[in-house]
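So that the names make sense, note that chain A is the first sequence line, chain B the second, and so on, each numbered from 1.
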Amino acid sequence: MKITLADGNIREYGEAKSAYDIAADIDPALARSAALALIDGEERDLRTMVEADARVEILTAEDARGLAAMRHSASHVLAQAVQELFPEAKLAIGPSIENGFYYDFEHRPFSREDLDALEARMKKIIKKGERIERFFLPREEAIEFFAQRQQPYKVELIRDLPLDAQISFYRQGDFVDLCAGPHLMNTKGIKAFKLISSSGAYWRGKSENAMLQRIYGTAFLEKEELDAYLAHLESIKTRDHNRLGRELELFTTVDVIGQGLPLIMPKGAKIIQTMQRWIEDEEERRGYVRTRTPFMAKSDLYKISGHWDHYREGMFVLGDPEKDREVFALRPMTCPFQYYIYKASQKSYRDLPIRYGETSTLFRNEDSGEMHGLTRVRQFTISEGHLVVRPDQMVEEFKGCLALAKYCLQTLGVEEDVRYRLSKWDPAHPEKYVGSAQVWEETQEHIRRILQDLDIDFFEEEADAAFYGPKVDIQARNVYGKEDTMITIQWDGVLAEQYDMYYIDHNGEKVRPYIIHRTAMGCYERTLAWLIEKYEGKFPTWLAPEQVRVLPISEKFLDYGHKVCAYLQERGILATVDGRSEKIGFKIREARKQKLPYMLVVGQKEEEEGQVSVRSRFLGDEGMRPLEDFTREILLEIAEKRIRQEAPAQD
RNA sequence: GCUAAUGUGGCUCAGAGGUAGAGCAGCUCACUCGUAAUGAGCAGGCCGUGGGUUCGAUUCCCACCAUUAGCUCCA
């Protein structure tokens, strides 16, 4: 048989060979560092026998796929260490994940001391250099194997496999695990690793199941890479909006006010105000009309929409449905309110499309463990809107919503940081959705084509649609890599029916319109969080709540400092004075900590009637200038230069 | 909702079953000062909240509230 190697060379063998043997034949050193084989492009275990002509590529842990195999083996070593130190622990599953690996155990919670002890034991196992071997058992024997060893989770896993399956096992020393692989050949191949943390995690990810204890770890080829990753984890904390946002006095929380109810402080409110004014003006330019609708409504409204039955847990209900004649609920969305505005007068086909926009405050009763900083809150404000359109206008209007979203992302400078998701229905559970399979598939195809027309890269995800239609979600990652929806644009061909909305077409007939639910930029709180992390607190000047801070170097110049501040503010620059007495060093440090451009007021040159003239110096700008030189343009230029210079490169 | 950790002056943190500590910030006085901390003094705390154990609890126990990490959830 002929084996084509990665470099294009061909080797011939008279008999079947394992990928590992082929690696050894190429170079024994390669075999020692091999982690994974690509056989005709497919990721396979090194032990895989190659029996016919094939392309074979040997990957080491330098390759991301090889690294994943190494981490997977590291998770097995962790499981072995747990078995040795805590024999009563039951094993669940242990895959490699994006930045490392985890393994789930049924056990009491692990402490940091436990993790340290496990790490030490893992080092021993690795040092011993156990061979990792693979073998297979028929299903019944495999069940028997784990039943004897009292590993109920493994038994459950095997029971879910096909009846005729040959069950794959890996063994290193005394430790045997159910596993499809792939794995390294020897535990020695696990180089630099670290156990990061432990926490609870539900068996099979279902909250009705038992809670297991998950241990997270990571592994790298080189110690330097591991150290760099651990340092990265530390450094991320300084960008975390939840920490930085509090440090910069953008928001705070108070326990007596409640979970998920942050207080947006003056500087945070200023940023949100700037964004809101900008969005509202932009929407107006794009033909939106504004509405203002109530924050609450009788339960009857939510009964029509179906929320009362399906979403009552998520709403704040005012009153007792058992006792009170009238029960209200705070609104979790604005849709029906704007529908009734549409319905308040009869519409002609000539009136459409109608684009309603509202800066809309919503209330959702999230579970207590879900709240997080500004990204997951119980009250938030979004640039919400509903477009009522004729079916023939749907594609064009949907594109318009995407264009607006794209414009917003560009203006905020975050266009490169998002992923577009086409959120589809779940064909396996049609009962969760309204409409036929055919309509769903057709609508999804419409959206797919729209995205392709606009040259937007996107990925597709099943079971993420709204019950009334598929949608495009624009996703962004926070510093920890978790993804949140920032913008959503939803295709709705069914709610108009539910709310009996119609327009009169040119034949004088009543026709159902289509509806687009959309946000221009999503939730302001979440967007603020995103921007804090994106810019590490160094906001673009147009968004900055404080564009420059005036620092009198001594109390003698305090009055002049105030005049400088007034002078700047008259010119549309958001300036403040740090009037604290003598501590110029502290004031500078404080301004830097808060990522602000600062201006030192160092002396008066002259003062004429109604005019201040002060020698000043500005961070990043060489030399002294008279105050009159600090026009808005120069300030913007210097401030933006500071951001470009100091902001770390985006990845 | 689940599994854990945490909660001490404005901030960062120490502490211990027996009257609450430090640094920074604040205030006062002195210094009148030139780009990352001038000196001295003063003031500031229901040790998250509520119960319990104890002669005595901020410390030990229980519950609750909040924050954080992870899981689940996000119509």
Side-chain angles (χ1 to χ4, degrees), chain A residues 97 102 104-112 114 196-216 233 237 240 242-243 246-247 249 252-262 302 305-315 332-333 335 362 364-373 375-378 380 423 432-434 463-468 471 473 480 482-485 488 490 517 523 526 551-558 578 580-593 598-603 615-619 624:
Chain A
I97 52 175
Y102 69 78
D104 287 347
F105 307 93
E106 184 192 298
H107 191 255
R108 64 162 171 79
F110 293 100
S111 64
R112 184 64 239 184
D114 293 332
I196 306 280
S197 62
S198 80
S199 72
Y202 296 112
W203 166 235
R204 298 198 143 180
K206 294 209 171 99
S207 55
E208 63 267 23
N209 287 345
M211 179 151 278
L212 307 175
Q213 296 302 319
R214 174 171 299 177
I215 296 178
Y216 284 97
L233 286 185
K237 290 183 188 160
D240 182 344
N242 208 359
R243 182 165 157 158
R246 290 168 201 268
E247 266 172 30
E249 299 183 332
T252 187
T253 51
V254 177
D255 56 2
V256 294
I257 291 177
Q259 270 193 312
L261 298 169
Y302 305 108
S305 66
H307 284 87
W308 193 254
D309 290 331
H310 295 111
Y311 194 60
R312 181 143 33 135
E313 292 298 296
M315 291 200 287
M333 36 74 223
C335 326
L362 305 179
R364 298 182 186 184
N365 192 3
E366 304 282 358
D367 288 341
S368 65
E370 311 301 345
M371 261 62 75
H372 177 77
T375 56
R376 197 76 182 272
V377 291
R378 284 184 160 147
F380 55 92
S423 300
K432 290 186 180 170
Y433 304 88
V434 181
D464 271 329
F467 70 89
Y468 43 74
K471 55 183 181 165
D473 292 315
Y480 297 104
K482 269 198 159 181
E483 210 166 56
D484 274 314
T485 300
T488 181
Q490 311 180 349
H517 310 237
C523 160
R526 197 176 268 189
L551 310 182
I553 63 152
S554 91
E555 201 168 351
K556 196 166 67 174
F557 301 126
L558 184 57
D578 187 341
R580 279 176 293 186
S581 56
E582 304 296 301
K583 310 205 169 162
I584 186 61
F586 179 79
K587 289 192 275 199
I588 292 173
R589 209 153 32 86
E590 195 71 3
R592 288 186 172 172
K593 205 167 92 190
Y598 55 88
M599 178 182 282
L600 290 158
V601 174
V602 297
R615 289 194 300 134
S616 308
R617 204 166 90 167
F618 194 80
L619 173 68
M624 307 284 231

query: Can you name the side-chain hydrogen bond (donor to acceptor under 3.5 Å, both in side chains) partners of A/Gln259, sequence neighbours left out?
result: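 Not a single residue meets the side-chain hydrogen bond (donor to acceptor under 3.5 Å, both in side chains) criterion with A/Gln259.
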
- line: With sequence neighbours left out, the residues meeting side-chain hydrogen bond (donor to acceptor under 3.5 Å, both in side chains) with A/Asp473 are A/Arg421, A/Ser423, A/Thr488

So, does [X] get its side chain near the phosphate of [N], meaning an N or O under 4.0 Å from OP1 or OP2?
X: A/Tyr311; N: B/C74; value: no
X: A/Lys482; N: B/A69; value: no
X: A/Arg112; N: B/U6; value: no
X: A/His372; N: B/A69; value: yes

If the [atom1] atom of [N] is compared with that of [M], how far apart are they to the nearest Å?
N: B/G70; M: B/A75; atom1: C1'; result: 24 Å
N: B/G7; M: B/U12; atom1: C1'; result: 14 Å
N: B/U28; M: B/U59; atom1: P; result: 37 Å
N: B/C27; M: B/A4; atom1: P; result: 46 Å
N: B/G17; M: B/C61; atom1: P; result: 13 Å
N: B/G45; M: B/A20; atom1: C1'; result: 8 Å
N: B/G48; M: B/A57; atom1: P; result: 15 Å
N: B/A40; M: B/G23; atom1: P; result: 11 Å

Test ring-ring contact (aromatic ring centres under 6.0 Å, His included) applied to A/Tyr202 - qualifying residues, sequence neighbours left out: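 Partners of A/Tyr202 by the ring-ring contact (aromatic ring centres under 6.0 Å, His included) criterion come out as none, since no residue qualifies.
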
- request: Applying ring-ring contact (aromatic ring centres under 6.0 Å, His included), name anything that partners A/Phe110, two or more places apart in sequence or on another chain.
  value: A/Phe86, A/Phe105, A/His107

May I have the distance from [X] (atom [atom1]) to [N] (atom [atom2]), rounded to whole angstrom?
X: A/His517; N: B/A75; atom1: NE2; atom2: C1'; value: 12 Å
X: A/Asn209; N: B/C73; atom1: CG; atom2: C1'; value: 15 Å
X: A/Ile257; N: B/U67; atom1: CD1; atom2: C1'; value: 14 Å
X: A/Arg243; N: B/U67; atom1: CZ; atom2: C1'; value: 14 Å
X: A/Lys206; N: B/C71; atom1: NZ; atom2: P; value: 17 Å
X: A/Arg376; N: B/G70; atom1: CZ; atom2: C1'; value: 14 Å
X: A/Gln490; N: B/A75; atom1: CD; atom2: C1'; value: 10 Å
X: A/Lys471; N: B/C74; atom1: NZ; atom2: P; value: 10 Å

query: Does A/Ile215 reach the side chain of A/Ser198, with side-chain heavy atoms less than 4.5 Å apart?
result: yes

Under the rule for salt bridge (Lys or Arg N to Asp or Glu O under 4.0 Å), what residues qualify as partners of [X], not counting sequence neighbours?
X: A/Arg312; result: none
X: A/Asp114; result: A/Arg108
X: A/Arg214; result: A/Asp104

query: If you take atom types as modelled and just measure distance, does the side chain of A/Arg204 reach the base of B/C71 with a donor-acceptor pair under 3.5 Å?
result: no

- request: Answer yes or no: does atom CD of A/Glu208 have more than 12 heavy-atom neighbours from other residues, nucleotides or ligands under 6.0 Å?
  value: yes

Output the single nucleotide from [options] whose closest atom is nearest the side chain of [X].
X: A/Asp255; options: B/A69, B/C71, B/C65; answer: B/C65
X: A/Arg214; options: B/U72, B/C71, B/C73; answer: B/C71
X: A/Asp367; options: B/A75, B/C74, B/G1; answer: B/G1

Under 3.5 Å, which protein N or O atoms sit close to an N or O of nucleotides 2-5 of chain B? Give each pair with its distance.
unit_1 : atom_1 : unit_2   : atom_2 : d
B/C2   : O4'    : A/Tyr202 : OH     : 3.2
B/U3   : O2'    : A/Gln213 : NE2    : 3.3

query: How would you label the contact of A/Arg246 with the nucleic acid (heavy atoms, under 4.0 Å): base, sugar-phosphate, or nothing?
result: sugar-phosphate

query: Within the structure shown, what part of the strands sits under 4.0 Å from A/Thr485 by heavy-atom distance: base, sugar-phosphate, or nothing?
result: nothing

query: For A/Tyr468 and A/Leu261, take the nucleotide of RNA chain B holding the closest heavy atom to each; which residue's nucleotide lies nearer the 5' end?
result: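 Closer to the 5' end of RNA chain B: A/Leu261.
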
- request: Map A/Tyr480 and A/Arg378 onto RNA chain B by nearest heavy atom, then report which one ends up closer to the 5' terminus.
  value: A/Arg378

Approximate separation, where rounding is to 0.5 Å, of A/Thr252 OG1 and A/Ile257 CD1: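 Here the rounded value is 8.5 Å.
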
Rounded distance (nearest 0.5 Å) linking atom CD of A/Gln213 with atom CD of A/Glu106: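 Output value for this atom pair is 10.0 Å.
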
field: Stems formed with participation of RNA chain B [Watson-Crick or G-U wobble, under 3.5 Å, three or more pairs]
entry: B:1-7 with B:65-71, B:10-13 with B:21-24, B:26-30 with B:38-42, B:48-52 with B:60-64

- request: Dump the intermediate steps for side chain to side chain donor-acceptor pair (under 3.5 Å) on A/Arg246 and A/Thr253, then the final yes or no.
  value: CA-CA 9 Å; A/Arg246 290 168 201 268; A/Thr253 51; 2.9 Å; yes

